[in-house]
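Read the structure below first, then the notes.
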2 protein chains.
Amino acid sequence: MRLNMTTGRDLVKGSTDSLVLYLISEKPMYGYQIIKELEKKSQGYFKFKEGTLYPALHRLENTGLIDSQWEILPGGRNRRYYRITTKGQRTLAEKRSQWRDFLVAINLVLQPGTSDAR
Amino acid sequence: MRLNMTTGRDLVKGSTDSLVLYLISEKPMYGYQIIKELEKKSQGYFKFKEGTLYPALHRLENTGLIDSQWEILPGGRNRRYYRITTKGQRTLAEKRSQWRDFLVAINLVLQPGTSDAR
DNA sequence: ATAATATACCTAGTTGTCCTATGTATTTAT
DNA sequence: ATAAATACATAGGACAACTAGGTATATTAT
């Protein structure tokens, strides 16, 4: 039943917004494209579900970190392009440093050093 | 309102069980001790809430990754010591490799290389 | 003495993210 | 003709994390 036991995908929780924000910061992208790009760049590791990505995009837009613009394609298959905002860039920078802090903390714990404060 | 915006503690989500499992694997510990040790080792970064840790411990015990034994102290303040099981050790090893895979994937995405598969 | 803090356990209820499943609609490949 | 890919969307359920409360003893500060 529990599929996620061995995949380790739960680690993704909490990093979704950062990853998406980062990708969009490189160049404006639409949802479906983000899913494909993330999968390609990570060599198959990240396979975002639509039920994960689209709510995340709406979340990011609602908090003003990204904004969007529809591109009307010939036919009915339109695309919604997302662009990072100035606020989003500030937040992304913040998230980068948070990520570094997190890694440092993890390494401190895993470090087989003294557990005594000095 | 949203306090967690700047703390970056959401990154912890998904790594709680691994951290706890790792700590216990070093030596048997009781809940309160785990909270304090994690805080000390991480130099203040990890400050697990009781509402986070105790359910996590019960979760790990229910899935057979750890087991517990009460230590009766003189007075009424007893301690419940947790020990990693064989199954827990296997799972911990798995989680280590998942963590490595996750870091690799993240770095692949953040790498400013070609996004073309080769 | 007494109040506050630290130690030590616990859980019910809320919140929020992620996934499943489903829906709509067009285009391309078989 | 039919399946798969492209492209968007959301309702519902599962589950982890936190808030906030509870119980009880020991220690430290006032």
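We name chains A, B, ... by the order of the sequence lines, and we start the count at 1 in each one.
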### Message
Considering every strand and a 4.0 Å limit on heavy-atom distances, what is the contact class for A:R80: base, sugar-phosphate, or nothing?
### Response
sugar-phosphate

### Task
Check whether any side-chain nitrogen or oxygen of B:Y54 sits under 4.0 Å from OP1 or OP2 of C:dC10, and answer yes or no.
no

### Task
Give a yes or no on whether the backbone of B:L23 and the side-chain of B:K41 come within a donor-acceptor separation of less than 3.5 Å.
no

### Message
Taking any heavy-atom pair under 4.0 Å as a contact, classify B:Q33: base, sugar-phosphate, or nothing.
### Response
nothing

### Query
Between A:Y32 and D:dT6, does any side-chain N or O lie under 4.0 Å from OP1 or OP2?
yes

#### Entry: Integer-rounded Å distance: C:dA25 P and A:I72 CD1
16 Å

### Query
Between A:Y22 and B:L110, is there a donor-acceptor pair closer than 3.5 Å when you use the side chain of the first and the backbone of the second?
yes

### Task
Rounded to the nearest angstrom, tell me the gap between atom CZ in B:R59 and atom C1' in D:dC18.
12 Å

### Query
A:R77 side chain: which of C:dA8, C:dT11, D:dA7 is closest?
D:dA7

### Query
Heavy atoms under 4.0 Å, any strand shown: does B:G51 hit a base, just sugar-phosphate, or nothing?
base

### Query
After noting the C-alpha distance and the side-chain angles of B:F102 and A:S15, does the key distance pass the side-chain contact (heavy atoms from CB on, under 4.5 Å) rule?
CA-CA 11 Å; B:F102 176 66; A:S15 58; 3.9 Å; yes

### More than 12 heavy atoms of other groups within 6.0 Å of A:Q69 CD
no

### Query
Between D:dA17 atom C1' and B:K47 atom NZ, what is the distance in whole Å?
17 Å

### Query
Are there more than 12 heavy atoms of other residues, nucleotides or ligands under 6.0 Å from atom CD of B:E39?
yes

### Query
So what does A:R79 touch, heavy atoms closer than 4.0 Å: a base, only the sugar-phosphate, or nothing?
sugar-phosphate

### Task
Taking only the side-chain nitrogens and oxygens of B:H58, find out if one of them lies under 4.0 Å from OP1 or OP2 of C:dC9.
no

### Query
Which whole-number value in Å describes the distance from B:F48 CZ to D:dA16 C1'?
12 Å

### Summary
DNA chain C nearest-nucleotide lookup for A:D17 and B:L73: closer to the 5′ end is B:L73

### Query
Considering only D:dG22, D:dC8, D:dC18, which nucleotide approaches the side chain of B:E50 most closely?
D:dG22

### Task
Round to a whole Å and report the spacing from CD of A:Q69 to P of D:dA7.
17 Å

### Query
At under 4.0 Å, does any side-chain N or O of A:Y30 touch on OP1 or OP2 of D:dC8?
no

### Message
Expressed as a whole number of angstroms, how long is the span from A:K49:NZ to D:dT6:P?
### Response
15 Å

### Query
Taking A:T85 for the side chain and A:G64 for the main chain, is one N or O donor matched with an acceptor at less than 3.5 Å?
yes

### Query
Hey, does the side chain of B:T16 come within less than 4.0 Å of D:dA17's phosphate (OP1/OP2), counting only N and O?
yes

## Note on the structure
Ranking B:K36 and B:P55 by the position along DNA chain C of their nearest nucleotide, the one closer to 5' is B:K36

### Message
Between P on C:dA6 and CD on B:E39, what's the gap in Å once rounded to a whole number?
### Response
11 Å

### Task
Send over the distance from B:F46 CZ to D:dA17 P, rounded to a whole Å.
12 Å

